[in-house]
Each structure stands twice: as C-alpha cells, then as structure tokens.
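See structure below.
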2 protein chains.
Amino acid sequence: MSNEPNPTPARVTMKDIALRAGVSQSTVSFVLNGNEDMRISEETRARVMDAVAELGYRPRGAGRPARDEASRVIGLMVDEIATSPFAAISIEGVQETAWKHNAIVEVVMTGGNRDYEATALRKWAADGVAGIVYASILTRKVAPPDALARHRAVLLNCYDAERRYTSVVPAERRGGEMATRQLIAAGHRKIAFITGENWMEASDQRLEGYERALRQANIPVDPNLIVEGNFLPSGGRTATLRLLDGPVRPDAIFCANDLMAVGCYEALKERGERVGATMAVMGYDDQEIAQHLSPALSTVLLPHREMGNWCAEWLLSPSEGAGLQERLECPVVLRESHMRG
Amino acid sequence: MSNEPNPTPARVTMKDIALRAGVSQSTVSFVLNGNEDMRISEETRARVMDAVAELGYRPRGAGRPARDEASRVIGLMVDEIATSPFAAISIEGVQETAWKHNAIVEVVMTGGNRDYEATALRKWAADGVAGIVYASILTRKVAPPDALARHRAVLLNCYDAERRYTSVVPAERRGGEMATRQLIAAGHRKIAFITGENWMEASDQRLEGYERALRQANIPVDPNLIVEGNFLPSGGRTATLRLLDGPVRPDAIFCANDLMAVGCYEALKERGERVGATMAVMGYDDQEIAQHLSPALSTVLLPHREMGNWCAEWLLSPSEGAGLQERLECPVVLRESHMRG
DNA sequence: AAATATTGCTAATAAATATTAGCAGCGAAA
DNA sequence: TTTCGCTGCTAATATTTATTAGCAATATTT
C-alpha cells in the first residue's frame, strides 16, 4: 500500500449502489428517479433501495443533466427574521408569486454573517437558482456581498449606494403624509408626532411625511408637538405624558409605530382621556397587538407582502435591467382611534 | 427544416459561453469557479463574464463533480411562519447549530401544500442535502410526504403516527405542572386555569400538567376554577371576569398563553385588583407583548431555539436510528406577577 | 544567441448520471 | 414446434463540467 496519506473516502455513487444491489448503474438511475417508462420489478427496486439505505447514498446533480427542465428556485437571503413577523410576511409574498411561476423559495437567514452569505451564494450558484432576493428587516442602505453580482438579484426593504441592484422599499414619507392627511380630514389641527429611533430611516421619513402634510394644509409645524419616542410601549407612554403636560394640548397623536400607540393608549387612559373621542390616535406598521386595542387603532400598513410579490414578479418575468428603485404604497387603515367626539 | 415542432431551446452551457467569448470550455470553467491556481488574464476574464451576462448562463451542478466537498446543507420545511415569531426562533436554533457544523440552512415555507412539498423534496434530493427538518407551527401529529423517507429527517414540534421519524416537541404537560408548582410554592391554593383552544394538544397538556401538580399537592381540582379561553386577549379578559364573578374566588390565575394574560391584566385592573399583590397571574409561551406588562409577567418558556438546536445536532452528528421522540423542558420564568402581597 | 522560466491558455481526459438501443428469457398464440 | 409479444433488465453512449497534462509565446538569464 502506498506510503501516502489515505485519500478522503470518495462519495458514494450510483456505481457503488449498483455493485451492492447486483444491478447496473442505469437500473439504479431508473429506480431513484421513479421513471415510469422503465419497467423495474419490485424485487429489484427493493434491493436498490436497501443498498441506498445501507451505503448512505445521497443524490447529487453531477453527471448528465436530465432532459426535463427542473423546477425553478428563488434564493432568499435575509439578515434575520426572529425579531419580526414582518419579514415572514414578505417571504410569503415572494413565495406566493413564485409558486404561480412554478418556482419554490429557499430561505437562508444569515444574521449578516459574510461567510454564511458567501457559502449560500456559492450553493445557489451551483444550483443555478433563477434569482435571489436579498432582504433586510429594517429599511436601510446595504452593501451586498460581491458574489451577489453574478446572479439576477433584487433588494427587498433595502437598497445599495451605487444603485447597481433593483430594490423595493416602502413609501414611508408618503405613508406618513397620507396618515396625517386623514387626521386633518377628521378635523384635527393640533396633531402631535411621537418619533421612533432617529437613526432609522423609516422614522425620519414618516416624520417628514407628517411635516409635509401639515405644510400643505397651512398648519404650522409646532416643535412642542414633536416628541422623541423609542418604538416601544414604554416610550409611547412617556412621550404621551410629556405631550399632555406640555405647553400645547394636542387633539391627535400620531405614533411612529404601533407599539408606541399601545403605550399611548395606556397614558391617555391614566389621564382620563377617551381615545377616538377626546383624543385621536394614529399608529404605523399594523402590528398584531394593535389589533387587540379598544377602540380599534387606525394605522398605516407596511407593504410587506406586496414587496415580496413584487420581487418575485421582477425576478421571474422578462423585465428591464437592474438599478430600478420601486417604492410601494403604505395604505392607511381607518378603524376608530383617528376620530374625534 | 423538419416539420416537427421546434424543440425547446437548450440550456445555455459553458460551451456556448466559450464560443461567444472566443475561449475554451475549460477556460470558462476556471473563470466561473474563481480558481486561483489557474492564471487567466483580466482581459480574458472580462470577455467570459460579458458572455455570461449576455447569454444568461446560470451554473448548474451537472457534469464532473468538483473534488472538494461542497458545504453541507440542511433543508428545513415549515408549514408557515408568518403568524408566529416562534417558528423563526426554531429556525435560528437549527441554523446556529448547523453553522457550527459548517452547514447552512435553506428554509422552504410550504403552507402545507403537497405539491410544494414534493417539489422542494425533489430539489433537495438533487442537491444531496445532509438532512431535512420538517417543522410545524403548532405541536401536532403530522403525515409527512412519502418522499421525506428517502432523506435523513427529523420532525420539529410535530410527530408522526407510526413513529417512523425522530421528533422533538415541548414537554407541555411538565411545563404546566412546573408553573403550577411555582404558584403553590408562592403560597397560592385557589389557583384558576384559563384554557386555550381545546383542539390544540398544547392546551390540553398544559391543563393536564396543572391538574397533576394540584393533585400532587393534595389540592382538589375545582371545576369552578377552570374556565374556557381562546388564546386571545379578549378571551383572557372575559374568562377572568367570569372567574371574579364566580362562586369561588381564586388567588392566582394561570393563563394557557401570554396573550390571554394580557386580557387577564386588563380585567383585573378594571376590578381594582393589583397583579402580584391581591391576585397572582402566570402566563405561558413568553410572547413579546407580555414583556411589556407591568408588573412583569411570570411565564413558561417554550423551547423553540432548543428544539431547533436539537434537530440540527441530531441530523449532523452520528447518532442512533430514526423513531426517537424527544421532549424538551419548558422552563418557568419568575418575574413579578406570580407573587402575592 | 541559446537556454531556461513563466504566463496564459487549450485539448484531452475524467467523473457521474441520464438516456437509448438492444437483448435474453418467458409466455401466449398460431 | 415455431413465431410473436412482452418483461425486465443492461451495455453503450450522451451530456456537462472539472481537472490534468502539455504547449506556444514571451520574458529573463546566462
């Protein structure tokens, strides 16, 4: 025997299975592919399957490709989804449109780990996926890995600085604007705004939309009515108390997200205010808990599902080149809390 | 030209790319694989990449397999994750253990669609994935697709009737028991229970655990203290009011999930009860919103991440045969609400 | 000028699986 | 008994990509 180190054991191939089962390699191929055209006896089939189980054979895509076109696959790479159901809704959106095109969606959560991203992209390159969705939980600018460039790719809820990739994000500014217009249409004039985290673009843009709507209605933007929150119920509660104790009494409060609206409700109840009667409240992002508030919270939807639908459609349909930026509408849902007595 | 219909256009192969770029097929292979050992001029590389972009070549796994072992992949098939962040936590659990074994996780959400399941399993067979996790949002009995049998597979948060597959589920009965024991340990004797949906096994088992703990403490199970809920805040609120107006006044209320605990808090506040002082409350499943309750809710955790970790470990490590059923502990987290004044 | 080393490729071959063409054996019909 | 049809395979070939061995051209050294 050679003095060289033993080579790593070879992968089990159909030839090994054939040897063990006492059949030919082509018989193994017919059995594993469930080819209906080829007659294989039950006894032979069982011997092949036994050998597969015994030797631990796992099929791989090497060798001569099959004549039939394999089902298409979209790869979806997301930084993380555990902290938010929203990413899952976007994924569902990608999936339902992809399935209409007979494509399945494989999701990989990378946690932003570059090695993980590179490994997944290598895998998807080997698979020949039809396209890749690169998704972010928070709307933000991203720097996709270089390897993404060799695929047909779209950015979901994010965009790149050079605009090399097509991207789709929510129209946050316009959402903030439309929500504020609805409060104005309901008769409110002293509309307060509770911000989220300032470093989040979504928060900034919602505030900008609020300010734009006020200006267009010839209502001055009053700094006393803009209070800093933190996207949590506790922040919404604290900010609401500050507004109620401030120099200008608002008649409506626009919270930059629904969790803060939960805290806002608590603070208003503490101070004897009646939501939708003595004080109006508007939320944003339509989180599940907000649907349990009473009176029912009016809020702004984020187009998670629609962004997902749009990505799959763009990847799987003939379309123009890369570099588009699409902004999807954030519809306002009017329940009860935006009204006034 | 033949009178027969034109055949479907052949897939673009490396040979086509080579022709277009004016190089050999092996040069194309070197460029696309980023092989560092082979010297290719920048000019040649650019011509190959231009041809790839122009002809729309997408790599696939056919032909001679590469010498190096590709990174391993675990396929994870889940019915749906949009309605619950819990599945995402389980997926993260699978992923963090898999990554320690240098495997990535590809997730497919099938919505229970059998065609989708079959397509994904075919894809994963062609890929030679190292193993498959078949996951369910609700703990339940499932009938996995036949094609799952040809893979090394584990059931997450579900199990099959024939016990052909290894499975991992939460130890719900024990969780209910431990939580009740903690209430007893805090001095409570008239402990109420608000059930979830009766058709859900988790609800049944939590109730059984509650009853077992009472019996072991020689406290009679009082049907007046067991009220039907519905896993929603509204159901928790209604059930709590019924308990307060019932013939037996409880000194603790064990809610079968945290959303009902939210409603329970509301009802107690309405009736002037002080949580953690005049009335104790225990929740279950540690949902995000419950972390914003004041006083802080004591609750039972579900081992989402641990179940995920366990699945990846089982798939990627040498281990015994299929057919195990593992039940993972549901730890009780004591915050403030379980106490009494 | 001649010899040697390096660069940047390619032709040939290898590897694994899919598919086709063909055949031995068996049973049924003439 | 002979012929024909069917069954259940297999040998050979096809296909695509990965890898090796080798070479023309160029640069460097002697």
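Convention: sequence-line order gives letters A, B, ...; per-chain numbering from 1.
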Kindly give the atom pairs (protein nitrogen or oxygen, nucleotide nitrogen or oxygen) under 3.5 Å for nucleotides 4-13 of chain C.
from   : atom 1 : to      : atom 2 : distance (Å)
C/dT7  : OP2    : B/Arg39 : NE     : 3.1
C/dT7  : OP2    : B/Arg39 : NH2    : 2.4
C/dC9  : OP1    : B/Thr44 : OG1    : 2.8
C/dC9  : OP2    : B/Ser41 : N      : 2.6
C/dC9  : OP2    : B/Ser41 : OG     : 2.5
C/dC9  : OP2    : B/Thr44 : OG1    : 2.9
C/dT10 : OP1    : B/Ser24 : N      : 3.2
C/dT10 : OP2    : B/Ser24 : N      : 3.0
C/dT10 : OP2    : B/Ser24 : OG     : 2.8
C/dT10 : OP2    : B/Thr27 : OG1    : 2.0
C/dA11 : N6     : B/Ser26 : OG     : 3.0

Got a list of protein N/O to nucleotides 24-26 of chain C N/O distances below 3.5 Å?
none

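In this structure, the side-chain hydrogen bond (donor to acceptor under 3.5 Å, both in side chains) partners of B/Ser136, at least two apart in sequence or on a different chain, are B/Asp79, B/Arg140. Qualifying side chain to side chain contact (heavy atoms under 4.5 Å, CB included) partners for A/Glu117, counting only residues two or more places apart in sequence or in other chains: A/Met77, A/Thr110, A/Arg114, A/Tyr134, A/Pro145. For B/Asn113, the side chain to side chain contact (heavy atoms under 4.5 Å, CB included) partners two or more places apart in sequence, or in a different chain, are A/Trp99, B/Asp115, B/Tyr116. A search for side chain to side chain contact (heavy atoms under 4.5 Å, CB included) contacts involving A/Leu55 returns A/Val12, A/Asp16, A/Ile17, A/Arg20, not counting sequence neighbours. Under the rule for a side-chain hydrogen bond (donor to acceptor under 3.5 Å, both in side chains), the partners of B/Tyr159 that lie at least two apart in sequence or sit in another chain are B/Glu201. Contacts of B/Glu162 classified as side chain to side chain contact (heavy atoms under 4.5 Å, CB included), with partners at least two apart in sequence or in another chain: B/Asp160, B/Arg164. Partners of B/Glu96 by side-chain hydrogen bond (donor to acceptor under 3.5 Å, both in side chains), not counting sequence neighbours, listed by chain and number: B/Arg305, B/Asn309. A/Glu43 is linked by a side-chain hydrogen bond (donor to acceptor under 3.5 Å, both in side chains) to A/Arg47, counting only residues two or more places apart in sequence or in another chain.
Rounding to whole angstrom units, CG of residue B/Asn33 and P of D/dT16 are separated by 17 Å. Taking atom CE on A/Met14 and atom C1' on C/dA15, their separation rounds to 13 Å, with Å as the unit.
Taking side-chain N and O atoms only, B/Tyr57 has no distance below 4.0 Å to OP1 or OP2 of D/dT16.
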side-chain contact (heavy atoms from CB on, under 4.5 Å) between A/Val52 and A/Val28, worked out | CA-CA 9 Å; A/Val52 165; A/Val28 175; 5.6 Å; no
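The overall bend of the helix from C/dA1-D/dT30 to C/dA30-D/dT1, read as the angle between its terminal helix axes built from five base pairs each, is 40° when rounded to 10 degrees.
No side-chain donor from either of B/Ser26 and B/Ser29 sits under 3.5 Å from a side-chain acceptor of the other.
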